[in-house]
K.L.:
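First the structure, then my questions, so here it is.
Proteins get letters first, then strands, A, B, ... in listed order; numbering begins at 1 in each.
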Protein chains: 2
Amino acid sequence: MEEFLASYNPRLYAPVAVTVDVVALTVRDRRLHVLIVERGVEPYAGSWALPGGFIKPDEDLAEAAVRELAEETGLDTRPAHIEQLASYGAPARDPRMRVVSISYLAFAPDLPDPRAGSDAAAAVWHPVDDLPPLAFDHGRILAEGVERARAKLEYTPLATAFAGDTFTVSELRLIYESVWGTPLHAGNFHRKVLSVPGFVEGTGETTESGGVRGGPRAKLYRAGDARLLHPALLRPSREEEIR
Amino acid sequence: MEEFLASYNPRLYAPVAVTVDVVALTVRDRRLHVLIVERGVEPYAGSWALPGGFIKPDEDLAEAAVRELAEETGLDTRPAHIEQLASYGAPARDPRMRVVSISYLAFAPDLPDPRAGSDAAAAVWHPVDDLPPLAFDHGRILAEGVERARAKLEYTPLATAFAGDTFTVSELRLIYESVWGTPLHAGNFHRKVLSVPGFVEGTGETTESGGVRGGPRAKLYRAGDARLLHPALLRPSREEEIR
DNA sequence: CCAATAGTGTCTGTGAGACATTATGTT
DNA sequence: AACATAATGTCTCACAGACACTATTGG
C-alpha cells in the first residue's frame, strides 16, 4: 500500500475541478423564488447564475454548499433544509477547464434581501417563473431543482421548511400553492393536513387577529415529527407528464 | 475573458480526482443481486467493491459509468436503464487523494455471469441481502442504490428493465417481490398491473407451456409507453420508515 | 386425480375531491 | 351589514386489499 501511494501521481490525470452550486428556494409574496447572483468575475461576468464555487481541500460537499451560499449572499441563516440534487460533468460545461459540479437544493423561509458577497456583483431572490438566462448549465440545474422541490412536497413534510417556526394551515396551503403553481381546495387541504400523522402538531395558540379581510383567528401549528407523509399529499393530476 | 483564461492556473487548486461507481442490479433466482468486483489493485486490493473508476478527459459522467461497467465485468450488453444516483466527496473517503465519486444506478435483466476485466480480479452477481464488506464507502452507496431502486418501482415502470423483451405478469410480480423482499397478492397484482395505463401492453402471444408445476399458459406482455405509473403501485405499508 | 398457476369477480375500508355549512372575524 | 376566512360535515367515486372462484395446465 505504501509503495502504491509513493508511485501514484495525481498529476498524470487530466486536472478536474469540483464545484458546488446551490438552488436555494423560498416563497415570497405567493410566488416561488430562487436565489441568484450576478457574477462579478469571468467567465460569464455580468450574467446571472446560481451561487456556488470550488470546494476546499478539507471540506465535505454539503459543507461547501452551505459556505458558498453564505459567502455569496451574505445570509447568515442556515437554510431550513439542504439536500444533494445531482451532478453535472459534461466536458465543455465550463470554458476554463473540466469542472464537475455537485448541485444542492435548499429550502428557506422568507428571509431578508441578500447582499452581494465574494465574487458576486449582486444577489437577489427572483421568481422562478420569470427568469433571466443563467450562466453555464444553471438553467437546467435550476429546473431540476424546482421539479425536485415540487415532488418532495408530495411525500415529505418539507413544506414546513418554507414556513416560520409556527404557521397556520392557510399559510401552509399558500406554500403548496406557490411551489406547485396550482390553487388547492382550502377545506379539503385543511382536513388532509391534520389527518396525516406527524405532519403538524398544534401549539394551542392562535393568530393575534383574523385575516386582513376578516375571518376567525387561525390555530397555530409547528412541524411534526414525520419524515414522510403517509398517505402522500399528491398534486392535482398531471396527465401530460405520465407518458 | 482571454486574459482570465491566461491567468487561471488549475494547479493552484488542490488536486481532486473524479470517479464513477456503478450499482448494477438484476434479479436472479428470485433474489435481488448486485454486480461487485474483487479489486486487483491498491487500495483495497482483494476487497470487494462496486465497479467504477476515474473519468476520462472528454467523457461525460454517464458515459464513464457505462464504460467502467463494461470494462470491469466483460458485459457487452448495455444495462436496460441507467441513472445518476448521488455523489460522495468526504475528504478522506479515498486514502490516495481527494476523490469525489459520482454513483450510478443500473438495472439489467438476468445476464450471463460476468468475467473479471481491467483492474478486477473477479466479478460476480451477488445477493444484496448477504454481502461481504465493501471497499471505500461502497456499502453506503449500495444501500442508497437499493433503496432508490425499491422506491422507483413504485412510481415508474422500471421493473420491466429487469425483465426480457416480453414477460408474463407473474414474472413481473416476481421482480417486484424480489426487489422489495415482500410477497405480493398474485390476483390483486395482476389486476393492478393491467389497470395502470401504459404500464404493459399485450403481445397477443402466450407462453409455450404452463408453469413447471402446472397451470394455464400465461399471456405475454411487453413494456408500455408510460414513464410514470398512475396510480402508483405502492409497497405494503412501512410504518417504521415514516418517523 | 391433485396441485399449482392464470385470471376474474366481489366486497369492504380508506381516502380524495366536490360541495355545503357554521362560526368568527374585519371593513 | 356584507364579506372573507377557519374549520367541519357530507356525499360520491376510485382504488387497495382480502377473499373466493373458475379455468387450465403439468405431474
Side-chain angles (χ1 to χ4, degrees), chain A residues 30 153-155 166-177 180 182-221 228-239 242, chain B residues 30 153-155 163 166-177 180 182-197 199-221 228-239 242:
Chain A
R30 305 191 173 200
L153 292 209
E154 296 193 313
Y155 310 107
T166 66
F167 48 85
T168 67
V169 174
S170 292
E171 286 167 357
L172 191 60
R173 177 168 47 81
L174 279 177
I175 289 168
Y176 272 92
E177 290 177 336
W180 286 350
T182 314
L184 299 175
H185 187 289
N188 289 340
F189 181 87
H190 196 107
R191 183 165 10 85
K192 171 74 186 180
V193 165
L194 298 187
S195 76
V196 175
F199 192 0
V200 298
E201 60 184 29
T203 63
E205 309 282 305
T206 69
T207 51
E208 297 283 317
S209 65
V212 280
R213 290 191 287 278
R217 297 175 182 183
K219 292 180 188 165
L220 285 169
Y221 298 86
L228 294 174
L229 300 186
H230 189 77
L233 220 158
L234 299 177
R235 279 174 275 188
S237 63
R238 305 157 281 140
E239 286 300 328
I242 294 177
Chain B
R30 305 191 173 200
L153 292 208
E154 296 190 295
Y155 310 105
T166 66
F167 48 85
T168 67
V169 174
S170 292
E171 285 166 357
L172 192 60
R173 177 169 47 82
L174 279 178
I175 288 168
Y176 273 91
E177 291 176 337
W180 286 349
T182 316
L184 299 175
H185 187 289
N188 290 339
F189 181 87
H190 196 106
R191 183 162 11 86
K192 171 76 187 179
V193 165
L194 298 187
S195 75
V196 175
F199 192 0
V200 299
E201 60 184 29
T203 63
E205 309 282 303
T206 68
T207 50
E208 297 282 316
S209 64
V212 280
R213 289 192 287 278
R217 297 175 184 186
K219 292 180 188 165
L220 285 168
Y221 299 86
L228 294 173
L229 300 186
H230 188 78
L233 221 159
L234 300 178
R235 279 174 274 188
S237 62
R238 306 157 281 141
E239 286 301 326
I242 294 177

K.L.:
Check whether any side-chain N or O of A:Thr182 sits under 3.5 Å from a backbone N or O of A:Trp180 as a donor-acceptor pair, and report yes or no.
P.N.:
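Such a contact is found between A:Thr182 side chain and A:Trp180 backbone.
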K.L.:
For A:Tyr155, enumerate each residue passing the ring pair (Phe, Tyr, Trp, His ring centres under 6.0 Å) test, keeping only those at least two apart in sequence or located in another chain.
P.N.:
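Applying ring pair (Phe, Tyr, Trp, His ring centres under 6.0 Å) to A:Tyr155 gives B:Tyr155.
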K.L.:
Contact class for A:Ser170 vs. all strands (heavy atom < 4.0 Å): base, sugar-phosphate, or nothing?
P.N.:
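A:Ser170: backbone/sugar contact only, no base atoms under 4.0 Å.
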K.L.:
For B:Tyr176 versus B:Leu184, what's the shortest heavy-atom pair and its separation?
P.N.:
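Of all heavy-atom pairs spanning B:Tyr176 and B:Leu184, the closest is CB-CD1, 3.7 Å.
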K.L.:
Sequence neighbours left out, what passes salt bridge (charged side-chain N to carboxylate O under 4.0 Å, His left out) with A:Glu177? Give chain and number order.
P.N.:
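So A:Glu177 forms a salt bridge (charged side-chain N to carboxylate O under 4.0 Å, His left out) with A:Arg173.
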K.L.:
Between C:dT5 atom P and B:Glu171 atom CD, what is the distance in whole Å?
P.N.:
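It works out to 13 Å between those atoms.
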K.L.:
Run the side-chain contact (heavy atoms from CB on, under 4.5 Å) test against B:Leu220 and tell me which residues pass, sequence neighbours left out.
P.N.:
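Result, side-chain contact (heavy atoms from CB on, under 4.5 Å) vs B:Leu220: B:Thr166, B:Thr168, B:Thr203, B:Glu205, B:Thr207.
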K.L.:
If you take the centroid of each ring, where Trp contributes its six-membered ring, are A:Phe167 and A:Tyr221 closer together than 6.0 Å?
P.N.:
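No - the distance between ring centres of A:Tyr221 and A:Phe167 does not fall below the 6.0 Å cut-off.
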K.L.:
Taking for each residue the nucleotide of DNA chain D bearing the nearest heavy atom, is the 5' side occupied by B:Ser195 or by A:Val169?
P.N.:
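Its nucleotide being nearer the 5' end, the pick is A:Val169.
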K.L.:
Just how far, in rounded Å, is C1' of C:dT8 from NZ of B:Lys219?
P.N.:
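These atoms are roughly 10 Å apart.
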K.L.:
Looking only at heavy atoms, which two atoms of B:Glu154 and B:Arg235 are closest? And how far apart?
P.N.:
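Heavy atoms of B:Glu154 and B:Arg235 come nearest at OE2-N, 2.7 Å.
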K.L.:
What string of B, S and - do you get for nucleotides 18-27 of chain C, 5' to 3', if B is base contact, S is sugar-phosphate-only contact and - is no contact with any protein heavy atom under 4.0 Å?
P.N.:
BB----BBSS
K.L.:
Does anyone know the first and last nucleotide of DNA chain D in reach of chain A, 5' to 3', at under 4.0 angstrom to a heavy atom?
P.N.:
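With heavy atoms of chain A under 4.0 Å away, the range is D:dA4 to D:dT10.
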K.L.:
Partners of B:Val196 by side-chain contact (heavy atoms from CB on, under 4.5 Å), sequence neighbours excluded?
P.N.:
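So B:Val196 forms a side-chain contact (heavy atoms from CB on, under 4.5 Å) with B:Lys192, B:Phe199, B:Leu229.
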